Enquirer: 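For reference, the structure I am asking about is given below.
Side chains included, hydrogens not; waters and symmetry mates left out as well; all remaining heavy atoms used. Model, not experiment: these values are computed from the prediction.
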Amino acid sequence: MRANVKTILALALLFLPVLAFADGKVVPYDKLPVEARSFIKEHFGSEKVLQVTSEWNEYEVLFSDMSTVEFDRSGNWKEVKCRQKAIPEPVIPSRILSYVKEVFPGRFITRIERSRRGYEVKLDNGLELEFDRNCNFLRIDD
């Protein structure tokens, strides 16, 4: 009985990211803006796309390794999340990447989000950092 509960829990956790995308409308891959498809081909070309959803002319792409990328209506990335691996380095602005390598050697970025205010990144140890629009370090987020 205990093994069945563990199996059910493991399956629920596995499919939780897929369920999180249920809010948006599932759309075909070719409905993504050209810029988004180019980004995927360049940075996630070896990953299989499991699902593309669209909500309010923004897009979320879920890959087979459970990584996700959010794009705006023009196909510019807004957020990139990788579960247990580093985000491809070319995605990360060079000043942010240099800062993380210098101040947190041996750590890597598993999430990066950009907005009009700047960037938020999450490291593999759970630490969250904030940077301004010019990629200057601001603070460690609590």
Enquirer: Decide yes or no on side-chain contact (heavy atoms from CB on, under 4.5 Å) for V26 and Q51, but give the supporting numbers first.
Expert: CA-CA 7 Å; V26 176; Q51 182 171 288; 4.0 Å; yes

Enquirer: F71 and ring-ring contact (aromatic ring centres under 6.0 Å, His included): which single residue from W56, W77, F39, Y59 fits?
Expert: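 Single ring-ring contact (aromatic ring centres under 6.0 Å, His included) partner of F71 among W56, W77, F39, Y59: F39.
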
Enquirer: Taking all non-hydrogen atoms of both residues, which atom of D30 and which atom of R37 are closest, and how far apart?
Expert: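 So the two residues come closest at O-NH1, 3.7 Å.
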
Enquirer: If you measure from CG on L129 to OH on Y99, what distance do you get to the nearest 0.5 Å?
Expert: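 These two atoms lie 6.5 Å from each other.
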
Enquirer: Quick one: does any side-chain atom of N125 pair with a main-chain N or O of L127 as donor and acceptor, under 3.5 Å?
Expert: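 Yes.
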
Enquirer: Under 4.5 Å between side-chain heavy atoms, hopping through other hydrophobics if needed: is there a path connecting V49 to V91?
Expert: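 Shared cluster, yes.
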
Enquirer: Between E79 and E120, is the side-chain contact (heavy atoms from CB on, under 4.5 Å) condition met? List the steps.
Expert: CA-CA 9 Å; E79 182 178 40; E120 290 183 17; over 6 Å; no

Enquirer: Consider only side-chain heavy atoms of I, L, V, M, F, W and Y, link residues closer than 4.5 Å, and tell whether F108 and V103 are in one cluster.
Expert: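 Different hydrophobic clusters.
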
Enquirer: Which is it for L32 and I40 under the side-chain contact (heavy atoms from CB on, under 4.5 Å) test, yes or no, and what are the steps along the way?
Expert: CA-CA 10 Å; L32 282 172; I40 291 168; 3.7 Å; yes

Enquirer: What's the verdict on side-chain contact (heavy atoms from CB on, under 4.5 Å) for I109 and I96, showing C-alpha distance, side-chain angles and the deciding distance?
Expert: CA-CA 10 Å; I109 298 172; I96 293 174; 4.2 Å; yes

Enquirer: Flag the pair K122 / D141 as yes when at least one side-chain heavy-atom distance between them is below 4.5 Å, and no otherwise.
Expert: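 No; the side chains remain at least 4.5 Å from each other.
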
Enquirer: Given D65, which of R83, K85, K81 fulfils the salt bridge (Lys or Arg N to Asp or Glu O under 4.0 Å) condition?
Expert: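 For D65, the salt bridge (Lys or Arg N to Asp or Glu O under 4.0 Å) test succeeds with only one of R83, K85, K81, which is K85.
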
Enquirer: To the nearest 0.5 Å, how far apart are CG in L138 and CG in D132?
Expert: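 Rounded to the nearest 0.5 Å, the CG-CG separation comes to 5.0 Å.
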
Enquirer: Give the minimum heavy-atom separation between R95 and C135, together with the two atoms involved.
Expert: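 Looking at all heavy atoms of both residues, the shortest contact is CB-CB, 3.7 Å.
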
Enquirer: Can you measure from CD (E102) to CG (L97) and round to the nearest 0.5 angstrom?
Expert: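 Output value for this atom pair is 11.5 Å.
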
Enquirer: Could you state the interatomic distance from NZ (K78) to CD (E113), rounded to the nearest 0.5 Å?
Expert: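 Answer for the NZ-CD pair, K78 versus E113, is 8.0 Å.
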
Enquirer: Taking the side chain as every heavy atom from C-beta outward, state whether F63 and V69 have any pair of such atoms under 4.5 Å apart.
Expert: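 Yes, side chains in contact.
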
Enquirer: With side chains defined as the heavy atoms from C-beta onward, is the minimum distance between K25 and K31 less than 4.5 Å?
Expert: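 A side-chain contact is absent here, since even the closest heavy-atom pair is not under 4.5 Å.
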
Enquirer: To the nearest 0.5 Å, tell me how far E47 CD sits from S64 OG.
Expert: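 Answer for the CD-OG pair, E47 versus S64, is 4.5 Å.
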
Enquirer: For a quick test of reading the model, state the closest non-hydrogen atom pair linking P88 to H43 and the distance between them.
Expert: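 Result for this residue pair: CG-O, 3.5 Å.
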
Enquirer: Output the distance between atom CD1 (I87) and atom CZ (F44), rounded to the nearest 0.5 Å.
Expert: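 Taking CD1 in I87 and CZ in F44, the distance rounds to 7.0 Å.
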
